[in-house]
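I have placed the structure first, in the form of structure tokens, so that the comments after it can refer back to it.
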Amino acid sequence: MAYLKLQVSKGIAVSPSDSTPLPNPEFIMTTGTTTATTASKLVDSAATFTTSVEVGNIVVNTTDNTMTNITAIDSDTTLSVDDDIFTSGETYTVYKQAETGGAILYVGGTGNIKLTTSSGSILTFNGLNAGTFVPVQTIKVFNTGTTATDILALW
């Protein structure tokens with residue numbers, strides 16, 4: 001009897017978002033800590049954003065596991081972002097968007113997952129048990145409609 005064998009080479013904890021796709025854990029652009037609180041901005045007085053990031057990159061607030069898209073590079077120390085997710089003193093990592101196919105998902109905590117497949121289909125998997133793999137090429141996990149926790153994206 002045949003069985004599915006998963007061979008994973010990279011992965012990242014998923015921050016469900018209705019607007020932001022999965023980041024590519026292979027391409028970290030920069031990391032740091034915010035130094036000011038400004039609505040829909042990421043401010044880091046020690047950053048060099050004009051040479052280290054691009055519009056369209058994904059920034060993950062690693063303090064509270066939320067993420068958003070970079071919409072503009074205002075200066076070397078300030079980025080405009082889609083969502084207001086930063087306050088002073090929070091850590092962040094900026095990634096490129098995943099460009100090659102989708103990820104499969106591992107569900108650590110019971111619940112539902114609403115996702116977008118690599119072909120653009122929007123699906124909801126209901127009643128997933130903890131420890132379940134979702135072998136669907138996924139490019140985005142929605143916040144709305146997702147109740148499962150401790151989700152990992154694996155490539």
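Numbers for residues simply follow the sequence, beginning at 1.
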Test your reading of the model: is there a side-chain donor-acceptor pair from [X] to the backbone of [Y], 3.5 Å cut-off?
{"X": "Asp18", "Y": "Thr144", "answer": "yes"}
{"X": "Thr50", "Y": "Ser75", "answer": "no"}
{"X": "Asn69", "Y": "Ile58", "answer": "no"}
{"X": "Thr138", "Y": "Val136", "answer": "yes"}
{"X": "Asp44", "Y": "Gly32", "answer": "no"}
{"X": "Thr34", "Y": "Gly89", "answer": "yes"}
{"X": "Thr147", "Y": "Asn112", "answer": "yes"}
{"X": "Ser15", "Y": "Asn65", "answer": "yes"}
{"X": "Thr117", "Y": "Gln137", "answer": "no"}
{"X": "Asp84", "Y": "Ser40", "answer": "yes"}

Using the ring of each side chain (for Trp, its six-membered ring), is Phe86 parallel, tilted or perpendicular to Tyr92, with breaks at 30° and 60°? perpendicular
If we ignore angles and hydrogens, is there a donor and acceptor under 3.5 Å between the side chains of [X] and [Y]?
{"X": "Thr62", "Y": "Thr93", "result": "no"}
{"X": "Asp76", "Y": "Thr48", "result": "no"}
{"X": "Asp82", "Y": "Thr71", "result": "no"}
{"X": "Thr91", "Y": "Thr63", "result": "yes"}

What I'd like to find out is whether the side chain of Glu90 reaches to under 4.5 Å of the side chain of Ile85, using heavy atoms alone.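 Side chain of Glu90 against side chain of Ile85, heavy atoms only: no contact under 4.5 Å found.
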Run the side chain to side chain contact (heavy atoms under 4.5 Å, CB included) check on Phe142 and Thr124 step by step: do they pass? CA-CA 10 Å; Phe142 289 87; Thr124 301; over 6 Å; no
Would you kindly confirm whether [X] and [Y] end up in one hydrophobic cluster when ILVMFWY residues are joined by side chain heavy atoms under 4.5 Å apart?
{"X": "Leu128", "Y": "Leu123", "value": "yes"}
{"X": "Trp155", "Y": "Ile139", "value": "no"}
{"X": "Ile12", "Y": "Met29", "value": "no"}
{"X": "Val55", "Y": "Ile28", "value": "no"}
{"X": "Val81", "Y": "Met67", "value": "no"}

Go through the steps for Ile113 and Ile151 under the test side chain to side chain contact (heavy atoms under 4.5 Å, CB included), then give the verdict. CA-CA 9 Å; Ile113 294 181; Ile151 303 167; 3.9 Å; yes
